[in-house]
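Numbers restart at 1 for each chain; the letters A, B, ... are given by sequence-line order, proteins then strands.
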Amino acid sequence: MLTPNEQLKIIAKGAETIVNQEELLAKLQNSEKENRPLIIKLGLDPSAPDIHLGHAVVLRKIKQMQDLGHRAVIVIGDFTGKIGDPTGKAKGRVALSDEAVRENAATYCEQIFKVLDKEKTTVRFNSEWLSKLNFEDVIRLAATTTVARMLERDDFQNRYKNRVPIGIHEFFYPLMQAYDSVELKADIELGGTDQTFNVLMGRTLQKSVGQQEQIALFMPILVGLDGTEKMSKSLGNYIGVSESAESMYKKVMEVPDDKIITYFELATDEHPDTVAEIANELKNGKNPRDVKFTLAKIITGLYHSNEDVLKAIEYYDAAFSKKAIPDDIPQITLKSEQNSITDIIPMLIEDGFVPSKSEFTRLVKQNGVQLNGEKIDLSKLNDTLNNDDVLKIGKKKFIKFVR
RNA sequence: GGGAGAAUUCCCGAGCGGCCAAAGGGGGCAGACUGUAAAUCUGUUGCAUUAGCUUCGGUGGUCCGAAUCCACCUUCUCCCA
């Protein structure tokens, strides 16, 4: 087992903030002395069913700590989720039934354990204890803080200033999350920087009931493939942990050059010293593309077998580096009355290759459609299609025709 | 409880009753370029493309004609108590 100082180094890798380092070191020393693993808490909202590398940042960090011998407790926020957060666009979110929550949680866990060590993880639902509180308990809970303190939170402050409504119940979110920490006697709570307020509230509450305060460990928000916005499903700039090796590898290659090291820090388990070395090589003029090849291989390897990674690399080389036509493209069997491209347009629309006929025409006009590697114009649309003809629509869509 | 305002195409956001399928920006898509990208430049971005057709919260109405005017409804927001 590593010394507390060595552990600290690994835990601190990529972390945005730790509140605070000395306390953490003390906890690690205690843990070693008493031979007692630390309890690492992570709260998850059951409404986001698809886990991507952005979510995985905290999960990876927990995994790293599990490898150091500590224990993770995942809190599924079923109670919190049932109330429904009015922020954002999803208005009037339907309260999930108990069954739906369990179901979601199951698929959730499946994905979580692509990263975490199952043996060293406990999954809990916070309704277990939150649903038992009565109104008096709730008032007491509320009495531990003030409106002014609530409004310190950036999110609330901005909304208040901009006159965006804040529901009273939203004030309870941090409190409920804090209560989870008390219930679990958490030693460390992980979270993205957006969780700063909530996690710190856990410290406050633990202190007020005489518990040792948890360490707050904040991981930066992983920037998405566009290099500016945070990784999120709705922005489409994400890499899902359940994606195929091919897709994952390709997407990692789309990471902007100046975010390569960030990804090494947040999306891999590489040792801090290794990352520093790579950063140094980049600085000394190593081709970022080659570094990214390494990155893509490592990240893909975290979620897929060696064999699949090798296949993905081959696929990538063929399809993108050499711009060849990939060999596993969808095939469409032509019916006898379908002779030309014009004839199959309705089918292309139906199968989602192109949203409308207008769009298709537009693409042709813009030289975005190729038949067997040659650009076609509107006059070619009525030419006869042959067996094995390959149509390329836009950059990414290929279709092979079979008679 | 009382009063005021808002709702526009994927998003934000313009829009004297005719010249509005609707400015501008963002995003998307395509082309050029490239080290995969990014950045940049160009084009494009309701459907059909000859006319034409369906859009501007909903339902009715005024008018030769409505995103633009009127009525009611729905939803959202703000202010006062």
In Watson-Crick or G-U wobble terms, both distances under 3.5 Å, what is the partner of [N]?
{"N": "B:A6", "value": "B:U75"}
{"N": "B:C19", "value": "none"}
{"N": "B:A30", "value": "B:U42"}

Listed by chain and number, what are the ring-ring contact (aromatic ring centres under 6.0 Å, His included) partners of A:Phe171, not counting sequence neighbours?
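A:Phe171: ring-ring contact (aromatic ring centres under 6.0 Å, His included) contacts with A:Phe156.
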Apply ring-ring contact (aromatic ring centres under 6.0 Å, His included) to A:Tyr249 and list each qualifying residue two or more places apart in sequence or on a separate chain.
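A:Tyr249: ring-ring contact (aromatic ring centres under 6.0 Å, His included) contacts with A:Tyr316.
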Please give, in whole Å, the distance from [N] [atom2] to [X] [atom1]?
{"X": "A:Tyr316", "N": "B:G35", "atom1": "OH", "atom2": "P", "answer": "13 Å"}
{"X": "A:Leu295", "N": "B:U36", "atom1": "CG", "atom2": "C1'", "answer": "13 Å"}
{"X": "A:Ile345", "N": "B:C47", "atom1": "CD1", "atom2": "P", "answer": "13 Å"}
{"X": "A:Lys365", "N": "B:G31", "atom1": "NZ", "atom2": "P", "answer": "16 Å"}

Hey, is the side chain of A:Asp290 pairing donor to acceptor with the base of B:G35 inside 3.5 Å?
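Under the 3.5 Å cut-off, the side chain and the base do not form any donor-acceptor pair.
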Kindly give the atom pairs (protein nitrogen or oxygen, nucleotide nitrogen or oxygen) under 3.5 Å for nucleotides 25-30 of chain B.
residue	atom	partner	partner atom	Å
B:A30	OP1	A:Lys395	N	2.9
B:A30	O2'	A:Gln366	O	2.8

Nearest listed nucleotide, side chain of A:Ser356, among B:A32, B:C47, B:U36:
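Closest of the options to the side chain of A:Ser356: B:C47.
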Counting side-chain heavy atoms from C-beta on, which of B:C47, B:A37, B:G35 comes nearest to A:Glu254?
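Between B:C47, B:A37, B:G35, the one nearest the side chain of A:Glu254 would be B:A37.
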When you measure from the side-chain N and O atoms of A:Arg362 to the phosphate of B:A48, is any distance below 4.0 Å, counting only OP1 and OP2?
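For B:A48, OP1/OP2 do not have a side-chain N/O of A:Arg362 under 4.0 Å.
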Is A:Ser358 near enough to B:U49 that one of its side-chain N or O atoms lies under 4.0 angstrom from OP1 or OP2?
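So the side chain of A:Ser358 is outside the cut-off, no N or O lying under 4.0 Å from OP1 or OP2 of B:U49.
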Hey, can you pull the residues of residues 241-248 of chain A with a non-hydrogen atom under 4.0 angstrom from RNA chain B?
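RNA chain B contact set from residues 241-248 of chain A: none.
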Between [N] and [M], how many Å separate the two [atom1] atoms, rounded to a whole number?
{"N": "B:G35", "M": "B:U8", "atom1": "P", "value": "45 Å"}
{"N": "B:C10", "M": "B:C64", "atom1": "C1'", "value": "36 Å"}
{"N": "B:U68", "M": "B:U50", "atom1": "C1'", "value": "31 Å"}
{"N": "B:C80", "M": "B:C20", "atom1": "P", "value": "43 Å"}
{"N": "B:U49", "M": "B:U54", "atom1": "C1'", "value": "15 Å"}
{"N": "B:G46", "M": "B:A67", "atom1": "C1'", "value": "15 Å"}
{"N": "B:A66", "M": "B:G18", "atom1": "P", "value": "12 Å"}

So, A:Thr300 side chain and A:Ala296 main chain: donor-acceptor pair closer than 3.5 Å or not?
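Side chain of A:Thr300 to backbone of A:Ala296, a donor-acceptor pair under 3.5 Å: yes, one is there.
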Have a look at A:Asp258 and say if it touches a base, only the backbone sugar-phosphate, or nothing, with a 4.0 Å heavy-atom cut-off.
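The residue A:Asp258 makes no contact with any strand.
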side-chain hydrogen bond (donor to acceptor under 3.5 Å, both in side chains) against A:Thr193, all qualifying residues, sequence neighbours excluded:
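Expected list: none.
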Given side chains that start at C-beta, do those of A:His52 and A:Leu222 come closer than 4.5 Å, heavy atoms only?
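A side-chain contact under 4.5 Å is absent here.
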Position toward the 5' end of RNA chain B (nearest nucleotide), A:Lys392 or A:Lys357:
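Closer to the 5' end of RNA chain B: A:Lys392.
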Listed partners of A:Ile349 passing side chain to side chain contact (heavy atoms under 4.5 Å, CB included), at least two apart:
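A:Ile349: side chain to side chain contact (heavy atoms under 4.5 Å, CB included) contacts with A:Ile345, A:Val354, A:Lys357.
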